[in-house]
Amino acid sequence: MKKIFLFFVMVCMTVLCSACMPEFLRTPKDVNVIVGGVDGGILNGARACEWGEQYAYYDDGMLYYYEDKASEAKTIQCGSPTQMAMTEDYIYYCHGKSLASIDLKTMEQHNVYYNEDEYIRGINVYSDEVLVAVREDEIGSGLPSNIYAVSGLEIKDAEASEDYAEFYDFVSVKNHCANWYGDRGASIFLNGKMCTSSMYHFKVRELGKNGKDVEGKVYEYGDHAVVSPEHIAEYKGKLYVLIQEGNGSYGSNNNIQYLYKNCDHLICVDPKAETYESIYQTPGPQEQIVNFSAENNEMYLLVEGILYKADLKGEQRVELANYVGSDTLTFEYANDTLFVYDGYKLLGQYK
């Protein structure tokens, strides 16, 4: 009788622990996905970047830089970045409170910025300037405490438009834009209009002053969704947006974990016409969109742990690799190539 009682207690504890720890419900085919930078993304990812024919990627403590597709790699050891961005002459990367640059001619590393009281929020690269936003808190969606312009190894306060400076992370007077990147959402200035994503819908609005913008809903997600600036790409005046739709729980890194995901949805927003087109929606969480390129008309899907390359309609699928049994994978895109990572360790490259 005592053995039966102890067995009953053990079964109950197992059930209770399973309820408290939903990871126990995972199968070997359930893989958490972190989508890093996409091709032509508004904001870069953390492990790969490009500029024209130049590109670079990070792998387990080493950064690999290529002058073009035919060149041999130049390498340099560096710490794991939280975001990378490239110009013709430099690679900039941030980690926590520090911003560093790598001179692409000498492959020497330099410290550009460090402040004990501020965290690097992100790096925006335009054709003629580099902007870095910082904030006082590491986690959250608060507006930045400062915006800096970076030129080579020098950093200074950026000139800010009074209309935008109090509301947006990245203010570029030269490029006439003011972008805001928050947790699970973003606002992108494009073609004279502000395109705004939130947890519930995507809007296109006329940019006014003092918050008196004229807003129009373009696409309703449902109750809960994640749209990260790393998942928004601009191509030929339109925005291609990867939406991760969930059931109310998210996880980390602005990506919904497998257990809480309902589906992934790729849409195309036309700010000028204030319309959207549904390009592809996965049938459920067992199929996940892990990256895409509007320019190359290609998309990468992870279906029950198997990696496929397809067109943007999800057709013409080609199997690339088997990642069944992996826990969490990160997918970055540069040089017309998909980079697959376990943490900061590169597992594979696929064209």
Side-chain angles (χ1 to χ4, degrees), residues 33-51 55-58 80-87 90-96 99 101 119-127 129-135 138-144 147-150 158 164 167-172 175 177-190 194-199 202 225-235 238-244 252-256 266-267 269 271 289-295 330-335 338-339 341:
V33 164
I34 298 175
V35 182
V38 300
D39 186 35
I42 298 297
L43 198 61
N44 296 285
R47 298 159 179 80
C49 58
E50 62 184 341
W51 180 269
Y55 69 99
Y57 63 86
Y58 182 86
S80 58
T82 53
Q83 191 180 135
M84 293 171 56
M86 177 185 286
T87 66
Y90 295 93
I91 293 175
Y92 297 96
Y93 74 91
C94 59
H95 185 89
L99 174 70
S101 69
Y119 293 87
I120 307 295
R121 184 180 180 85
I123 310 169
N124 254 27
V125 176
Y126 304 94
S127 60
E129 67 177 343
V130 178
L131 298 181
V132 175
V134 300
R135 66 183 178 196
E138 182 178 13
I139 301 175
S141 58
L143 292 174
I147 301 170
Y148 298 108
V150 182
Y164 306 148
F167 301 100
Y168 302 106
D169 291 347
F170 293 98
V171 179
S172 172
N175 292 281
C177 66
N179 299 333
W180 173 79
Y181 305 148
D183 291 348
R184 307 184 181 101
S187 292
I188 310 298
F189 186 79
L190 182 65
M194 184 64 71
C195 307
T196 302
S197 68
S198 71
M199 292 171 58
F202 200 99
V226 165
V227 180
S228 170
E230 290 95 330
H231 306 165
I232 302 175
E234 178 187 351
Y235 181 62
K238 296 181 180 180
L239 293 177
Y240 290 77
V241 184
L242 172 58
I243 304 164
Q244 298 179 359
S252 59
N253 301 303
N254 282 352
N255 289 263
I256 298 180
L266 180 64
I267 68 172
V269 176
I289 300 174
V290 300
N291 221 291
F292 68 89
S293 170
E295 181 179 5
T330 299
F331 299 85
E332 304 265 7
Y333 192 99
N335 183 40
L338 180 74
F339 296 84
Y341 289 86

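This one's a predicted model, so the numbers in the text were calculated from it and none came from an experiment. Basis for what follows: all heavy atoms, side chains included, without hydrogens, waters or symmetry-related copies.
Taking the side chain as every heavy atom from C-beta outward, E234 and L239 approach each other to under 4.5 Å. Contact of the N124 side chain with the Y181 side chain is registered, since non-hydrogen atoms from C-beta on lie closer than 4.5 Å. Looking at heavy atoms from C-beta onward, R135 lies out of side-chain contact with D169 at the 4.5 angstrom threshold.
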Item to complete: Could you walk me through whether N291 and V35 pass the side-chain contact (heavy atoms from CB on, under 4.5 Å) test, one step at a time?
Response: CA-CA 6 Å; N291 221 291; V35 182; 4.2 Å; yes

Worksheet item: Should I123 and N44 be marked as a side-chain contact (heavy atoms from CB on, under 4.5 Å) after you check the CA-CA gap, both sets of side-chain angles, and the distance that decides it?
Response: CA-CA 8 Å; I123 310 169; N44 296 285; 5.6 Å; no

Worksheet entry | Check against side-chain contact (heavy atoms from CB on, under 4.5 Å), F189 and N175 | CA-CA 10 Å; F189 186 79; N175 292 281; over 6 Å; no

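In terms of heavy atoms, C94 sits closest to L99 at CB-CD1, 4.2 Å. Closest approach of G45 to E332, counting heavy atoms only: CA-OE1, 3.3 Å. Considering all non-hydrogen atoms of both residues, S127 and W51 come closest at CA-CH2, 3.9 Å. Between E50 and N335, the shortest heavy-atom contact is OE1-N, 2.8 Å. Across all non-hydrogen atoms, the minimal contact from L190 to P271 is CD2-CG, 3.9 Å. Summarising the geometry of M84 relative to R47, their closest heavy-atom pair is SD-C, 3.7 Å, with the distance given to 0.1 Å.
The distance from the NE2 atom of H231 to the CD1 atom of I289 is 11.0 Å, given to the nearest 0.5 Å. One finds the CD1 atom of I147 at 12.0 Å from the OH atom of Y168 (value rounded to the nearest 0.5 Å). Note that the CD1 atom of I120 and the OH atom of Y93 stand 12.0 Å from one another [nearest 0.5 Å].
Taking the six-membered ring for Trp and thresholds of 30 and 60 degrees, Y55 and Y57 have nearly parallel ring planes, at less than 30 degrees apart.
For S197 (side chain) and A186 (main-chain N/O), a donor-acceptor pair under 3.5 Å exists by modelled atom type.
With ring centers used as reference points, F339 lies 6.0 Å or more from Y58.
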